[in-house]
Amino acid sequence: MKDMGVTAERYNHRETEPKWQSFWTENQCFEAKEDPSRPKYYVLEMFPYPSGRIHMGHVRNYTMGDVIARFRRACGYNVLHPMGWDAFGMPAENAAIERGIHPKGWTYDNIATMRGQLKSMGLAIDWSREFATCDPSYYKHEQAMFIDFITAGLVERRVSLVNWDPVDQTVLANEQVIDGKGWRSGAVVEKRELAQWFLKITDYAQDLLDALDGLDKWPDKVRLMQKNWIGRSEGMTFTFELEDANGKKLDDGLTVYTTRHDTIFGASFCAVSSEHPLSKKIAAHNPELENFRKEVAALGTSEENIERAEKKGCALGVFARHPFLKDVKLPVYAANFVLMGYGEGALFGCPAHDQRDIDFANKYHLPVLPVVAPRGVDVASFKLTTEPYLEKDGEDSVLINSNFLDGLTVSQAKEEVAKRFEATGIGKRTVNFRLRDWGVSRQRYWGCPIPVVHCKDCGIVPVPKSQLPVELPEDVKFDKPGNPLVHHPTWKHVNCPNCNEAAERETDTFDTFIDSSWYYARFASPHDAEPVNPVASKYWLPVDQYIGGVEHAILHLLYSRFYARAMHKTGHLDADEPFASLFTQGMVIHETFKSASGEWVLPSDAVHKDGAWTHIKTGEALSVGGVEKMSKSKRNVVDPDTIIAAYGADTARWFMLSDTPPERDIEWTEAGAEGSWRFTQRIWRIISEIADLPNSPASMDQSAVVLRRVSHRTAVSITDDLNNLRFNRAISRIYELSNAIGPALATANKTTDMIGALREAGDFLVLLMAPMMPHLAEECWKLLGHGEAVVNTVWPKGLAELTAVAEMTLAVQVNGKRRDEILVPKGADRDMIEPLVLELESIKRAIEGKVLKKIIVVPDRIVNIVVTDE
RNA sequence: GCGGGCGUGGCGUAAUGGUAGCCGCAACGGACUUAAAAUCCGUUUUUCGAAAGGAAGUGCCGGUUCGAGUCCGGCCGCCCGCACCA
C-alpha cells in the first residue's frame, strides 16, 4: 500500500478525490465475491441509459445507493453493488439518422464518458461486473431465454393494431403520437394490423396481483399503481340471441362482458367495438357503417382525442333479445367508446347507472330506466335524465323495476342473475384483467434481434442456441426510412435451420424493456456461460435494495416481476420476485427564467437586483418560471462535471442527500451547494485541530462524558437513519456532532480526559460521515493517524453506558398546556413525580384557585395536571 | 371521472399521540481584519411587554383524547398516477 501523503494545511479535493479513487480501485475494495459465511447485501440503482452525460438525477440516485453500499459494507455485509448500461434504444438511432454516427459508436462513446463521470463521484461499485445490454455477450442470453420462453408457451405471435407512421415506416408507441401525427415525421398516423411478438404476461396477472401483498418493503403507492394497472374485475360473460329487423333469428349470438349483471333489466342497447367481428361482417354490405369504422380508426389513439371525442355509434340493424324478457329487443350499435381489447369487445348499456351509457342513450333517444335506487324511494317518481344513479359506499340501495330482482341488494341481484345464467348455460362468471399481453416487437435497428427465422415451409423456426447470438450487422445505412435490417442486402437471408432451404430472419428487434427486465440477475454472474449461474444467483438474489425513479413504477417494475416468473418457469432462476425492497427517489429540480421574448434563460445568467430579476449581460428584465425538473429545453440543467470540478464529489454527494427527504423532489441551489462545500472545509478544520492534539484515551471522567455521549448517541441515531434510508436526518445528526465538537475544541485548557473525548469524537465524525463523503473521510482518517483505511474500518457502535439515559426532562402541563419542566431520574414514577411538580412555583401559580381533578403521569414522557374552575 | 398523496417560520425541513420548529439555507447583530472574503460567537414563528412573564400558532371547521402537526369526519388548496376497462 502506498503512502497517501496527507498534510494538514488545506483540503484539496482536486488532488484528494482521484487519489482515493485509485486507492479503492488498486485494492479492489468493492469487488464482490460469494461468501456463504457472511450475510450478503445486494444494492442496485436503476442502471442508466447512456444518453451522453450524467445529470444531477443520476448523481442523486447513485449517491443514495452508494451510501447504502458503503454503510452496509462497514456493518459487515458482503455487498454487491454493480453498474451497467441500458444501452439499446431509439436515441442512438436518432443520432445516426441526424448526424450520421453509427449507433454502436455513439453508444459506446457515451458509455466511456459516463463511466468516467460516475467514477469521479467515487462510487463503491464493483466495476468488474460492468456490462452493456448491447454487448452480444449479454443479449445472446436474452435470445436463448426467449427461445426457452417459446418452448414453455410464454410467447405468442399474433396480429395486432399498431400506430403506423407511413413516412418513417415504423410503429410508434402511443407516447410518440402527438395530435394524431408522428412525433418525428409529422405524418398522420394510421392504425395498421401487424404480426407482432407477445409475451404472455396476462398468464401471470393473478399471481402478479396476489404477490403484491408480499412486497411489504415496496412503497404502497407503487403497489397500488401496479394493482390498478393489472385491473382485476369480476363479472360475467353471457350471450344474447340476435335477430334482424324482421325478427328473424340470426346464427350468431352476441357475447358481452359485464360487471353489472344486476342491472340487466335496465338494459336499453348493446354496443360493440367497430373492430368487432360482427361490425366488420355487417360493414361489408353497409357503407354507412364502413364509413363509421374508418372515422373511428382515423381518430387515432391519443388519449387526449379519445377523451374529447363525443360518444358516437352506428346502428348495425340487428337486435339482441333480452335474456329474461322475450319481447324486449335491444338495438345493437357499433360504438367508438367500446374497446376491442377488453372483455369481449362488446357490452350491454344500462344508461341509468353509467355516465357513458346515459350520454349515449340521450344522443340516440334510448330509454333510461332506473333499476337501482336508495331503499325506500318512491319507485314511480324515481327518474333519471342526464346523471346516472351510482351507488355510493355504505349506501343502502335495492333493485327496482327489475322483475324477480326487485327488493334485492346489488350483490344479491348479481348472485341471482349469475345463478340463472349459469343454469340456462348462456353465461358464466368471468374474471377480467385490464393488463394486456406485452408486445415486444419493434421495427428498429438498435435493439436485440429476435432470434427466429421465417421459413415458407417450416413456418417460424427458432434459431438453434448453438448459433446464438444473432448479432446485429454493423454495416447498416440510415438513408431510408424504416428499419435498416429490412434493407440490409444479406443479413436477413439465411437458410432455414430446420430444412436448410432459403429463409428470412425476423427483422424486428426486442422492446428495450426486455433488456432491463433481467439485468439485475445477470449482475450476479456477469461472465457466466449460462444467462444466470444458479449458485451465484441463489447467493445474491433477490436485490435487497433497489433504487430508482417512480416513473418506472409500472412498466419496468412489472415487466421485471413477470420476467422473474418466466425465468423461474424455464429454469433460469429460483425466485419470483426480483426486488425485495424498493425505494423511489424524487427528482432534482431547479429554478427557471424566461426573457420578455419568451426564451428560457440560464439561471446562472439571472441576477436579482432591487427586487427584480434581470439578465446579467443584457440587463433585460426576466420573469421567474417555476422550479422544475432539470431539462435541456428549459435551460435549467446543472452539469455534475462542473459541480464536481468546482466543489468536489463529496460536496455534490452531501448536497444531494441533505435537507430534503430522499423521496421528495430536491431543489438545486447555488447557495445550498456552497453551504455543503463550506461544511467539507469545516470538517477538515475540525479534524486537523483534533489531529494536533496528543493521543489520549477516552475516559468516563465527567469532563469527557458530555461530548462522548453526543458521539455515541449520534452513532446510534445515524445507524437507524441509514438503515431506513433517512439520509437527510443522518446529515442533520452529523451537523449536530460537529456543532458539539466545535466549542469543546475552542476551550483553552483541555483536560487529558477531554482530549480523549475529542479524539474519539473526531473518529466518530469521520466514520459516520464516510458513506456520504468517502474521500474526505479517508483523508481525515489518515490525518488522525489511523493505519487502516476507512473503507476497511467497521462501523462505530454506541456504547450502552454512554447512550443510556440517566435523567430526563419532563414537560409539566396544566390542562395540556406546558407550564414548566422537571428533571427526574429515568423511569421515575408517579409517587416520585407528583409531589415534585406540585412544589413548582409556576405550577402552583397555574393551578391556584382551581380544583385539581387528576394528575396524569406518563413515566419518561410527560406530566399533565388536570384542573377545573370549581 | 376514478385512485393516491401532501398542506408546519422568509425558505428546505424535524417532531414512537407527549415541551412544535432539531438541523440546514437566508437574513440580522457582534468579534477578528487597514478593508473585504473566509472564520468564530450570537439573534431569528407571530404578537403584547422595558423586563419578568403572558397570549396565539402546524390550510379551514368539527370530533376522539388528560393531551392532536400526528388519529377520525367534512371542507379548501396543491401535487401525482390512471383514464371510455363495460
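In what follows, every chain begins at residue 1, and chains take the letters A, B, ... in the order their sequences are listed.
Across all strands shown, B:A27 forms a Watson-Crick or G-U wobble pair, both distances under 3.5 Å, with B:U43. When both distances must be under 3.5 Å, the Watson-Crick or G-U wobble mate of B:G69 does not exist. Pair check for B:G7 finds B:C76; Watson-Crick or G-U wobble, both atom distances under 3.5 Å. Across all strands shown, B:C2 pairs with B:G81; the Watson-Crick or G-U wobble distances both stay below 3.5 Å.
Look at CD on A:Glu663: it is 14 Å from C1' on B:C80, rounded to the nearest Å. Put simply, CZ on A:Arg232 is 19 Å from C1' on B:C2, counting in whole angstrom units. Atom CZ of A:Phe240 is separated from atom C1' of B:A86 by 12 Å (rounded to the nearest Å). For the pair A:Arg726 CZ and B:G12 P, the interatomic distance rounds to 21 Å; values are reported in whole Å. Note: CG (A:Leu745) to P (B:U39) measures 16 Å, nearest angstrom. Protein atom CZ of A:Arg678 is 12 Å distant from nucleotide atom P of B:A37, rounded to whole Å. Separating the CG atom of A:Asp721 from the P atom of B:C23 is a distance of 15 Å, rounded to the nearest angstrom. Look at CH2 on A:Trp668: it is 18 Å from P on B:G12, rounded to the nearest Å.
The residue A:Val338 sits close to a base: some heavy atom pair falls under 4.0 Å. Using a 4.0 Å heavy-atom distance criterion, A:Ser233 is classed as a sugar-phosphate-only contact. Note on A:Val858: a base of the nucleic acid sits closer than 4.0 angstrom, heavy atoms only. Backbone-only engagement by A:Thr258 is indicated by non-hydrogen atom pairs under 4.0 Å involving sugar-phosphate atoms exclusively. Nucleic acid contact for A:Arg685: sugar-phosphate only, since backbone atoms but no base atoms lie under 4.0 Å from a heavy atom of the residue.
Proximity note for A:Glu736 (side chain, C-beta onward) versus B:C22, B:C85, B:C66: the nearest is B:C22.
With respect to the salt-bridge test (charged N to carboxylate O, under 4.0 angstrom), the residues A:Asp220 and A:Arg223 qualify. By the 4.0 Å N-to-carboxylate-O rule, A:Glu848 lies too far from A:Arg845 to be salt-bridged with it. Ion pair A:Asp721/A:Arg729 flagged as a salt bridge, since at least one NZ, NE, NH1 or NH2 atom sits closer than 4.0 Å to an Asp/Glu carboxylate oxygen.
Taking side-chain N and O atoms only, A:Arg356 has a distance below 4.0 Å to OP1 or OP2 of B:C85. In this structure, A:Arg664 does not reach the B:G7 phosphate: none of its side-chain N or O atoms is under 4.0 Å from OP1 or OP2. Not one side-chain nitrogen or oxygen of A:Lys817 sits closer than 4.0 Å to the OP1 or OP2 atom of B:U19. Taking side-chain N and O atoms only, A:Arg729 has a distance below 4.0 Å to OP1 or OP2 of B:A15. Note on A:Asn739: a side-chain N or O is less than 4.0 Å away from OP1 or OP2 of B:G24.
Within 3.5 Å, no donor on the side chain of A:Arg733 pairs with an acceptor on the base of B:C23, nor the reverse. For B:C66, the base has no donor-acceptor partner in the side chain of A:Lys853 [N/O atoms by modelled type, under 3.5 angstrom].
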